[in-house]
Amino acid sequence: MIPAEPSLFTRLAVRISLVLGLGAALLVSAASYYARTAADDAYDRLLLGAAIQMADSLTVESGSLIINLPVSAFELLGLASRDRIFYRVIGPSGATLTGYADLQTEVDLAAIHDVPVLESAHYRGEPVRIAVVARALSDPAVSGWAHVIVGQTTEARRALAGELTLRATVLLAIMSILALAGAMIAIRYSLQPVKHLGATLRRRDPQDLTPVTVVVPRELRPFVTSINYFMSRLDERVKLLQRFIADAAHQIRTPLTALTAQLDLLSQAKLDKSSRQHLDRVQQRASELARLTTSCSATPWSSIVPIPCSFSRTIWQMSHGALSVRRFR
């Protein structure tokens with residue numbers, strides 16, 4: 001018994017689903033990466049803007065460095081309501097003027113001048129994003145570079161990245177479902193020629209061994225060519241079998257004619273009632289065999305209808321009858 005194989009529709013559907021699933025997974029990964037990048041870029045701009053505002057607020061009055069942190073800087077950082085803010089202002093001498101004295105950065109402050117620096121670090125056990133901005137002081141009483149270090153936790157940017165990723169995932173899921181549904185419809189439509197070819201073969205007459213003439217796509221042409229090649233070989237075998245049967249019937253007809261003549265001669269002899277009955281049966285079987293051989297040689301193969309007739313039984317009955325007639329003679 002040939003094991004059942006999945007249909008072409010099932011195979012194509014599974015493979016297309018796998019491809020769509022893999023593509024969706026790659027797109028979700030890319031969306032997650034770009035969402036994190038976009039969230040980091042947005043919040044880095046806020047963090048850097050607040051640090052620059054703090055650095056611009058540093059002034060020197062009466063030979064002292066005055067720190068007047070602007071409220072707008074904290075309002076800007078307050079847009080990320082989930083995050084906590086840490087800051088530190090370092091004077092030209094390296095002393096902490098205000099803020100969290102333990103807020104450190106791995107960046108060399110002496111190398112930071114005009115270009116702000118952003119880095120990721122951990123502060124008090126939490127991941128933070130740190131911005132370092134330098135401010136040049138040129139007053140005779142206070143000169144050098146002052147630095148402002150502002151740290152912000154990353155809860156808000158992680159939430160934003162997660163929200164963007166979720167939206168992208170939902171959109172990709174909807175698009176994948178629509179694409180899969182469209183692919184299923186396309187597969188059904190594409191497999192219609194296969195069904196049409198099968199219906200054409202089923203409608204053909206069993207005796208029709210002519211080549212199949214049906215318009216099929218290019219991919220099905222080798223299949224149709226193979227079917228036509230098989231049918232041509234089958235037609236050759238049928239014709240060969242028909243010739244063999246006709247030759248066999250011709251070969252049987254000669255001895256059968258002689259047998260019939262002998263039976264006619266025997267019927268003219270004087271036989272008892274029992275022998276006459278056996279002879280009649282032999283003549284009857286001989287007539288049946290003659291009709292059978294005539295039918296095999298004269299009837300076209302395509303019009304032969306199977307009948308419940310046993311050739312071997314007919315021969316056996318003729319032989320049995322002939323032996324009975326000979327025994328009673």
Side-chain angles (χ1 to χ4, degrees), residues 21 23-59 65-91 94-135 145-177:
L26 293 176
L27 290 176
V28 168
S29 300
S32 176
Y33 171 77
Y34 286 114
R36 290 195 302 268
T37 302
D40 288 339
D41 184 66
Y43 282 99
D44 283 347
R45 291 177 184 272
L46 295 177
L47 181 61
L48 190 58
I52 292 175
Q53 289 183 20
M54 289 182 182
D56 291 340
S57 68
L58 299 178
T59 59
L65 182 61
I66 304 300
I67 304 172
N68 187 14
L69 298 180
V71 178
S72 59
F74 292 98
E75 290 178 349
L76 189 63
L77 294 174
L79 295 175
S81 58
R82 297 184 180 183
D83 290 338
R84 288 181 292 169
I85 307 301
F86 311 96
Y87 66 94
R88 178 186 179 190
V89 180
I90 303 174
T96 300
L97 303 179
T98 184
Y100 297 83
D102 59 345
L103 182 60
Q104 302 292 333
T105 177
E106 297 181 358
V107 180
D108 184 9
L109 297 180
I112 300 176
H113 296 300
D114 298 332
V115 180
V117 176
L118 291 166
E119 66 173 352
S120 297
H122 283 78
Y123 179 66
R124 296 185 178 181
E126 293 187 33
V128 294
R129 188 71 171 167
I130 294 177
V132 182
V133 178
R135 170 71 184 279
W145 290 90
H147 296 85
V148 176
I149 303 175
V150 182
Q152 182 184 29
T153 56
T154 58
E155 294 180 7
R157 63 183 68 205
R158 288 200 304 268
L160 178 59
E163 183 180 357
L164 293 176
T165 303
L166 179 60
R167 292 181 180 179
T169 301
V170 172
L171 180 60
L172 285 173
I174 294 175
M175 294 299 296
S176 298
I177 293 174

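Distance alone, capped at 3.5 Å, is enough to place a donor-acceptor pair between the R88 side chain and the L103 backbone. Of the possible donor and acceptor atoms, none in the side chain of R135 sits under 3.5 Å from a partner among the backbone N and O of H147. Under a 3.5 Å cut-off, the side chain of D83 and the backbone N or O of Q152 do not form any donor-acceptor pair.
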Which atom pairs, donor and acceptor, lie under 3.5 Å between side-chain atoms of residues 115-125 and protein residues at least two apart or in another chain?
unit_1: E119; atom_1: OE2; unit_2: T105; atom_2: OG1; d: 2.2
unit_1: E119; atom_1: OE2; unit_2: E106; atom_2: N; d: 3.4
unit_1: S120; atom_1: OG; unit_2: R129; atom_2: NH1; d: 2.7
unit_1: Y123; atom_1: OH; unit_2: D102; atom_2: OD1; d: 2.5
unit_1: Y123; atom_1: OH; unit_2: D102; atom_2: OD2; d: 3.3

Please report, to 0.1 Å, the donor-acceptor pairs under 3.5 Å made by any side chain of residues 160-176, with sequence neighbours excluded.
unit_1: E163; atom_1: OE2; unit_2: R167; atom_2: NH2; d: 2.6
unit_1: T165; atom_1: OG1; unit_2: A161; atom_2: O; d: 2.7
unit_1: T169; atom_1: OG1; unit_2: T165; atom_2: O; d: 2.7
unit_1: S176; atom_1: OG; unit_2: L172; atom_2: O; d: 2.7

Name each donor-acceptor pair under 3.5 Å that joins a side chain in residues 24-35 to protein atoms two or more places apart or in another chain, with its distance.
unit_1: S29; atom_1: OG; unit_2: A25; atom_2: O; d: 3.0
unit_1: S32; atom_1: OG; unit_2: R36; atom_2: NH1; d: 2.8

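Sorted by first then second residue, the side chain to side chain donor-acceptor pair (under 3.5 Å) pairs that include residues 46-59, not counting sequence neighbours, are Q53-S72. The ring-ring contact (aromatic ring centres under 6.0 Å, His included) contacts involving residues 153-176 comprise nothing, where partners must be two or more places apart or lie in separate chains.
Considering every non-hydrogen atom in both L77 and A50, the closest pair reads CG-CB, 3.5 Å. Residues L47 and V150 come closest through the heavy atom pair CD1-CG1, 3.5 Å. The two residues T154 and R157 have their closest heavy-atom pair at O-CG, 3.3 Å.
The shortest distance between side-chain heavy atoms of P70 and E75 does not fall below 4.5 Å. Looking only at side-chain heavy atoms (C-beta outward), L97 and L65 come within less than 4.5 Å of each other.
Rounding to the nearest 0.5 Å gives a distance of 8.5 Å between CZ of F74 and CD1 of I85. To the nearest 0.5 Å, the span separating CD1 on I130 from CG on D44 amounts to 12.0 Å. Taking CG of L109 as the reference point, atom CD1 of I149 lies at 5.0 Å (rounded to 0.5 Å).
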Derivation of the side chain to side chain contact (heavy atoms under 4.5 Å, CB included) call for M54 and V133 = CA-CA 9 Å; M54 289 182 182; V133 178; over 6 Å; no
task = Take L58 and V148 through the test side chain to side chain contact (heavy atoms under 4.5 Å, CB included) and record every step on the way to the result.
result = CA-CA 10 Å; L58 299 178; V148 176; 4.2 Å; yes
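Scored by the salt bridge (charged side-chain N to carboxylate O under 4.0 Å, His left out) test, D41 finds R45 as partners (sequence neighbours excluded).
Taking the six-membered ring where the residue is Trp, H113 and W145 present tilted rings, their angle falling between 30° and 60°.
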